[in-house]
Amino acid sequence: MTAPSGLFCGCFESLSDWYSWIAHWREDVGEMKKSNELFQPKHELFQFKPSNQTSVQNQMFRTKSDVNFRTNIRTKPDFRTTSVQNQTLTTQFSDLPDDVLKMIIERITLDDRPKIREVSRRLRILSDSLPFEVEQVKYKCDFEDSTVYLGNRKFHYEHGVDHTQPALNQLYLLLNIPNLRLNTLSIKISDTHQSRWFRKYTWILCEFDCLLASLQKQIPVKNLSVRFISLDLLQMILPVLKPGILKSITSSDLEHDYFTPQYYQEKQYDIADVEKISKLKQWKLAKELTMSNCLASTIQVDTKGCFSNFKTWKVDAPCLDSEFALLRSCMKKMNEHQVLMTPSIACLLFDKFCTFLGPNTEMLNENSAVYEENGAIFDVKVDREMNVIITRRAAV
Amino acid sequence: MSVENAPVVDVDEAAIPVEKKMYYRFESNDKKEFRVSELAIQQSETLNRLVEAMGYTSEDVENKPAIAIENIDGKTLKLVFQWCEHHKGEAIPVDDGSVPKIVEIPEFDAKLMDIDNGLLFKLIWAADYLNIVQLLNVSCKKVANMAQGKTPAQLRRVYLLPSDEEDEAAKRAAQEAQDPRAREVEEEFEERKRQGGNSFF
């Protein structure tokens, strides 16, 4: 018999450990040789032919009369039954059938699940055949550090060597898990005016593109959240997501704190990119769109009529006059089936919001108003969470 | 050992019927007999279907021979029926398709499964064979918990599994044992290949 190659790999703490392991292993191989079923679940060996005695095996699916007939007659025991009865059942983990092993794998926590794949070939095949459902995979890359989350598990890479490459490798490993199903995929790549970081994030973007291209599969993701300075990232990610599964897209710029208002005024999105995105099946089949800190781009997109598929369309709460003008422009392009939401007007009372919305706004009560423009009537309401909900009335 | 001389193991002494209840008799492969209530049997889909098909009356249960469960030994069957008696009347859970499954092991089950791995695997095997969904559920969770925080090498030791290389070696050894000529043919082929021959024959 060939000795196993893992003997001196540090797997065993003591010689007695090794002896006990090799004894089991030899027993296993011996049994496999005898049975000529090297990779078959061994519990099959115990499923012998039915005897004449009333038993679970031979009576399970027979008719009532048949059962009674058989149970009344007891002949001498079958020799095959006797031989099995005398046999000692030495059940090990490897004796368990595939279905049971799958049940065990399904109950292993997400943290330990990837390790199961490395234990043995059989467990790898079984693990890969099962869905791997994760609440969220999150990738966050800043100038100082990078972080990758798998559910609650955090992989943190700090500034020092190069935090971006190992973080991207980790992200690749996670996204490459067979049968991965994600509730939320969140990608955030920071942007600052620092020239060093600008060069770096351009490089990250290229690497990220390569990473997505090498996945060669489409991942089922329900919610996508992208935070980046341009729409490039969204354009890269959408094609690797399974169309039809994706319900919600959140695209946002970075926090206002990083930038001056001038920066936003100067910033323009490439309409060609917007058009490309809107032609993707993933975009067309999604139902909810949230665009934060980028109302200007929202308007540009809407001029191309790329929003008709979204039932809910969330935008930032407007504060400035120019932002209200953009909001009115959005409303004009809405259809009757869409809902336009601004998440919170905590800093602005509803009556003031209505005043800023325009002179054609008529307050119905403290929670609702009607806005009219060029014959189109809009219902404007505020809910308990201070969200303003705008719907367009159907034309009579 | 004849059936008449087989030891009779009452699974739950406290559960001796006050009112008229049916207690079925089962026999393990090492001839241990168990008396199990009708309600407890409902936890096992296999046994439940079997007793329904048999349609035994109270007299039949006493007079007819015990139902043999030939694949399971007495020690394992005792645990199985102890579990069934404790959980009798409880609803059988339905799989919601979520992964990973969130399973909590009740205190009684944890104590019951405080056994060596060999017996635990036998219990799982028996729960699968008798189709006892909730027992299978908790026992699989118990085995899954063994994997917590362990490296693949440690897991191999816990589950007594060979690595891929060892598995390959075992496969080769098995093949060689089956056909010793195969290796010779392979070596001859390699030798001829080295000599520059285009065809083996």
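Note on naming: letters A, B, ... go to the chains in the order of the sequence lines (proteins, then strands), and numbering restarts at 1 for each one.
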Considering non-hydrogen atoms only, spot the tightest contact between A:Asp112 and B:Gly149 and give its length.
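Smallest interatomic distance, heavy atoms only, reads OD1-N, 3.1 Å.
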
Toward chain A, the part of B:Lys150 with a non-hydrogen atom under 4.5 Å:
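Contact with chain A is through the backbone of B:Lys150 alone.
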
Only pairs of heavy atoms separated by less than 4.5 Å count here; which of B:Leu119, B:Thr76, B:Val143, B:Leu155 has the most with chain A?
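When all of B:Leu119, B:Thr76, B:Val143, B:Leu155 are compared, B:Val143 has the most.
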
Which one wins on heavy-atom pair count under 4.5 Å against chain A: B:Asn145, B:Leu136, B:Asn137?
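Among the listed options, the one with the most contacts to chain A is B:Asn137.
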
At what distance, to the nearest 0.5 angstrom, does [atom1] of [X] lie from [atom2] of [Y]?
{"X": "A:Lys115", "Y": "B:Gln148", "atom1": "NZ", "atom2": "CD", "value": "9.0 Å"}
{"X": "B:Leu161", "Y": "A:Arg122", "atom1": "CG", "atom2": "CZ", "value": "8.5 Å"}
{"X": "A:Ile108", "Y": "B:Met146", "atom1": "CD1", "atom2": "CE", "value": "10.5 Å"}
{"X": "A:Leu101", "Y": "B:Ile124", "atom1": "CG", "atom2": "CD1", "value": "9.0 Å"}
{"X": "A:Arg107", "Y": "B:Ser139", "atom1": "CZ", "atom2": "OG", "value": "8.5 Å"}

Would you indicate whether B:Lys111, at its atom NZ, is surrounded by more than 12 heavy atoms from other residues, nucleotides or ligands within a distance under 6.0 Å?
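12 or below, so no.
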
Side chain, backbone, both or neither: which part of A:Leu123 has an atom under 4.5 Å from a heavy atom of chain B?
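Only the side chain of A:Leu123 comes within 4.5 Å of chain B.
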
Of the backbone (N, CA, C, O) and the side chain (C-beta and beyond), which part of A:Arg117 lies under 4.5 Å from a heavy atom of chain B, both, or neither?
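Contact with chain B involves no heavy atom of A:Arg117 at all.
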
Once the angle between the rings of A:Phe93 and B:Phe121 is folded into 0 to 90°, is it parallel (under 30°), tilted (30 to 60°) or perpendicular (over 60°)?
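Perpendicular: the ring planes of A:Phe93 and B:Phe121 meet at over 60°.
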
Heavy-atom distance under 4.5 Å between the side chains of A:Ser94 and B:Leu160, does that happen here?
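They are not in contact (no side-chain heavy atoms under 4.5 Å apart), so the answer is no.
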
